[in-house]
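Order of the sequence lines sets the chain letters (A, B, ...), proteins ahead of strands, with each chain counted from 1. These numbers were taken from a predicted model, which means no experiment stands behind them.
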Amino acid sequence: MDRKRQKNSSNIATGLVVLVLSLLNGILLGVAKPALADSSRHVVIVTSSDSSYQQRTASRIQQNIDSTETQALIISSDELTTSPKHSNTVYVTIGERAITKLHDYASEAIVLRINNRNIQRTNYTSAQSDLITEQPACKHLQLIRALNPRWTTIGVLSSINSAEATAELTICAIKYNLNLQLYAITDESDLLTTLETAVENNQVLLAIVDPLIYNSRTVKNILLTSYRHRKPVIGYSDSFVQAGAIAAVYTSPETAGDDAANILSDFFANNWQFNHTVHTPSGFEVSTNARVAASLDLALPDQRTIIRRIQNMEIKP
Amino acid sequence: MKRWGIRHQVLVLTLLPALLIALVLTVYFTLSQLNYISNTLDRHGRTIASQISPAAEYAVFSGNIDSLRNILNHTLMSDKDVIKVTITKDKDETLLSLAVEPQPKEYPGYLYAIMSDREVLHFRRPILTEQLDIDDFEKPGLADSNTKTVSRAIGYVDLYLTTQYSSEQKIKSLIQGGLITLAILLISALLAIRLSRQISHPIQLLTAAVKTIAAGRYNAHIQHDAPGELAVLESCINSMADDLRIAQTGMESRINEFTQELQQTLEELEIRNAELDITRFNAMQASKAKSEFLANMSHEIRTPLSGIMGFTELLINTELDNHQLDYVRTIHKSATNLLTIIDDILDLSKIESGKLEITLTSCNIIDIVEDVVDLLAPIAYEKNLELFYYLDKDVPHIVESDPIRLRQVLLNLVGNAVKFTLDGYIFLKIDPEPNASSDTIRFTVSDTGIGMDKNSKQKLFTAFTQADTSITRDFGGTGLGLVISRKLILLMKGDIGFDSTEGEGSSFWFKIPVNVIENTSEDIPDELNGRNIALVDDHFLCRKAICTMIEQWGCDVTEYSFDRCFSENCFTNCDSYDAVVFGISRKHMEDIDKYKRCLTQSIGHVPVMTIVSTRSHTELRQIDSEYFGNLVFTTARRAQIQKSLVNTLNKSYSAAAQPSSTIKETHVSLGHPSLKVLVVDDNEINLRLAEIILKKNNYQVTTVCSGDESINIVKNNDFDLIFMDIHMPGLDGYEATKRIREVTNKGPRPTIIALTANAMPQEIEKVESSGMDDILIKPISEQLICEVISEWFSDSTKKPHRSNKSHTTADKTAVFSLEQAKNLANGNTALAIELFKMLVKELPEHHSEIRQALADNNVDQLREVTHKLHGASRCCGTTALSKAAQLLEASIDNHEFDKIAKRSANLLKEIDKLQAYRLPTDLTTSA
């Protein structure tokens, strides 16, 4: 009888221990899971708008970066405040709004900022980097030379917003022996007269990213004014070409997405350190508007020829 | 619409919906079109403005006026509705404004105002800068497609459109719509007319065919080949026409058969008719023979009877012993009865043959009643019966009726009452028939006679049957009286009846409708007005009758029976009375002394008038007038009683009133002793009788026994009066009269009285037309002769009535009746004479006018003159002239042209008579 009691007591004790250990394991697992979960990388891609370019770029990034180790999430800037925070998170912002929102949400967050123009040049940390989708200034001049080597006088309207870009253009113009004329605009009311001066005195008008000068309201009149003077306008985006520019060189969203994914891969590989503060696109696309060219009696080479010519100029400046 | 023909109905039913639909659709579509034009213009303006706005964007942006001008010019040139375009910058700075003048208006200005309330439409659009997306990076995606893009206006386009052209378009649209509608309506109308014709034409043909068939032409066939139901109708009508034709043919053949049978029957009927004509002729001949036989028999029987009666009357006045007197009276009575029987038979014969006519003339009811009472009172008093009459105050006195027949009926009824009453009284009551639709007088003869049992009542009014055959033995009579009376009353459009209780008495009544001429004929003296009279009579009915009569004269009457009077001692209180009227009946005649004693109390106080139930002067003289005052017969004339009462009130006591004539008391002294009379009669007896009667009355009499002799003697002698027998051998009375008139044409005109026993109407008419003045029915009597002489030659204001019940034409043939003239002149003799003279003065002119009208055959002129003369003569008592004018006027009005000549001649003769008539001397001088 006593043995049985002792045996039973032993069994009970064992069971209790197992039970306690199970409980502890569960608790630990519950606690550990996030730790285990936190062990994977999170990439939160924050878009500023639902523009096609941004969504394609975000999708490209996600497509390239999403794996078992890295979880990529695409959210809009408005959803940022409600998204869960993770420790191993890298933010990728696309557009200026996303940058602002993220800064307000988590100023110390690790962020890769993708934008069509460089808006911040200072206060970079190791956890911040920029990818500028806008093609370099020389590319635009290469485009002009590729379209028509005879075009040597180029007019450029600029304002204080595009000062850096115009500086680059000036340097590049010298390189390619082009006569670059800069026309400063301080107010939109000066646009017409300055524009007319620019198109009258130059063979082609090169548009740069400058919202003060080139925006949805002014672009039509700029184009019409130029074409009244039968001077072509070189744009900086595919949309610009659709609007009436005869050609433009730009970065496609896929290229931007690939470049952003590469930067992140390097970042993760580099122990979460960005190699550079500003990245430029690795590739370019060319868009032309044959109808506008025909209207201006201009014969444009085909796109492959233009690209080839630009590539050749890169090889042989 | 129900009265419209089929064609009209089809037209209306076809056109009306089309019209309505056309109108509705026209209005709808026109309004829609107008609305569309207005909306189009509005939309057009908006569109142009919307198109100019973006087109002008760059030009406004660039300030390129030329470009703007091109745009605006293009707009103005491309659209004529645009009359002005203005481009302004955002601060209302006008960059450019271009305008054009619209073309001249094609229509009047008011139409444009109707079509549109605004001449110019204004549209304003902002010139917005177009937004182009050039930034791929921030280019909005699909999710942002609904985001509102705010564009900035850099200027405005002000576009002005004129409504002139749209108004013109509207007007044109209206005109076109109206024209189209009219065209549609016109086409609809044409179609409707065609359709209605298609429907109505076959129906018209059917109608014409049916009319033709209805007119009896069954050969009418319709061959129009109308469609549908009309074709069925056509074939049915055609088959109906065929059936009718067959039926008609069959009927015609049957008719022919029946016609042949009918002709045979007609031939047989003609034969029968001829036989009947012969039979009728024979019957008429027999009837004529019967009438002639009756007339002849009447004449033949009356003539000897006349002799018998006349001579027996004369014999009675001679000295005879009692037996002889009794025998003569018996003979006279028998002759009288026989004459009565003959008269009754003649009357009945005339009635049954329809030859008795009722002649309506003016007559006095009182006179007729008093005549009857006067005649029968002596007979009644002989039997110690009381006889009195009661005349209701509401009975008119002068009425239009047949006095002869009325008198005849009354005589019959009262006579029967007197005959069949052994004890008591006979009471004649005259009063108006209550509740009658016209004036009707009721006569009731009540008696306390033997009465009748039931069987007797049933036999009454049946000819030749008396109630009881024993009556015939006891009372005599033919049984014709009531039958004749009934027939006469029925001829007078009245009614007759009776009530009787055996052993208690009978009450016979009759009522006749009359035309009232005057309600009263009495002149009531002023002395009677308001007088207080005590009437004492023991007989209730007699008292009632006398009281009513005296009250009608304006007196206040208090009635007393003997017992009441004597018990109340009314005579001691007589001071309140102006007079006492005391009635003594037959039965009280024996106690006359008793009443004398009662009356002695009032002697010298109140005047007394005593009414005595007697007709005997001898009995009257037995009553002491010292006590009984003025004495008068109960059955005296009203005028007599009135006069006596006046005398009583004036306290003048006169001799007993003279009664009217009886059999014994004969003639009225008329005062023409120099009257020269000619009697012409082939019967010596009649001749002799007339001679005696006339000589007895101191007339100068000449007698001849033939017509020829009368003419000869008249040639050499002047006669005032000629009694001419009608039926004489050789020259009859008619012819003799005509010749006498020719002979005496230039001299004094004698009065010719026809003597005849035949009182048939045609005889009377013949007498009138022959030129005779009057007619007497035989048998003649002294009284009759005296009456007729009095009538023609008397100066008395009241003519005595002839007691002869035979018909006379005195009233109708009177040249001038002063009494009638006075009645018409309201009793004024002078006026009556004056009117008469005036009429006579006018006669020559009337005579001439009538002759002229006859010569010219101018019926209208003749009627006018006759009518005038008729009216004048009716007022003057010239009854003969009035009657002749009336007959002629009636002939003209009734277009009885065959009678006009004869009646015109009669009228001329009456005019001649009247012109020849001489008024009595005293009337001539006094008038």
Trainee: Given that the side chain runs from C-beta out, which part of A/Ile94 has a heavy atom under 4.5 Å from chain B: side chain, backbone, both or neither?
Mentor: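 Both parts, backbone and side chain.
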Trainee: Taking only distance into account, with no hydrogens and no angle test, what donor-acceptor pairs under 3.5 Å do side-chain atoms of residues 218-226 of chain A form with protein atoms, sequence neighbours excluded?
Mentor:
| from | atom 1 | to | atom 2 | distance (Å) |
| --- | --- | --- | --- | --- |
| A/Thr218 | OG1 | A/Ile213 | O | 2.5 |
| A/Thr218 | OG1 | A/Asn215 | N | 3.1 |
| A/Thr218 | OG1 | A/Asn215 | O | 3.3 |
| A/Thr218 | OG1 | A/Asn215 | OD1 | 3.2 |
| A/Lys220 | NZ | B/Glu57 | OE1 | 2.7 |
| A/Lys220 | NZ | B/Glu130 | OE1 | 2.5 |
| A/Thr225 | OG1 | A/Asn221 | O | 2.5 |
| A/Thr225 | OG1 | B/Tyr58 | OH | 2.6 |
| A/Ser226 | OG | A/Ile222 | O | 2.9 |

Trainee: Chain B heavy atoms under 4.5 Å from A/Tyr214: which part of the residue, side chain, backbone, both or neither?
Mentor: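 Both parts, heavy atoms under 4.5 Å.
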Trainee: Using a strict 4.0 Å threshold on nitrogen-to-oxygen distance, state whether B/Lys105 and B/Glu168 make a salt bridge.
Mentor: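 Not counted as a salt bridge, because no side-chain N and carboxylate O are separated by less than 4.0 Å.
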Trainee: Would you call A/Asp259 and A/Arg60 a salt bridge, taking side-chain N to carboxylate O under 4.0 Å as the test?
Mentor: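 No, no charged N to carboxylate O under 4.0 Å.
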Trainee: Using non-hydrogen atoms and a 4.5 Å limit, figure out which bit of A/Arg228 sits close to chain B: side chain, backbone, both or neither.
Mentor: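 When you check distances to chain B, only side chain atoms of A/Arg228 fall under 4.5 Å.
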Trainee: Who are the salt bridge (charged side-chain N to carboxylate O under 4.0 Å, His left out) partners of A/Asp210, not counting sequence neighbours?
Mentor: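 With sequence neighbours excluded, A/Asp210 shows a salt bridge (charged side-chain N to carboxylate O under 4.0 Å, His left out) to no residue whatsoever.
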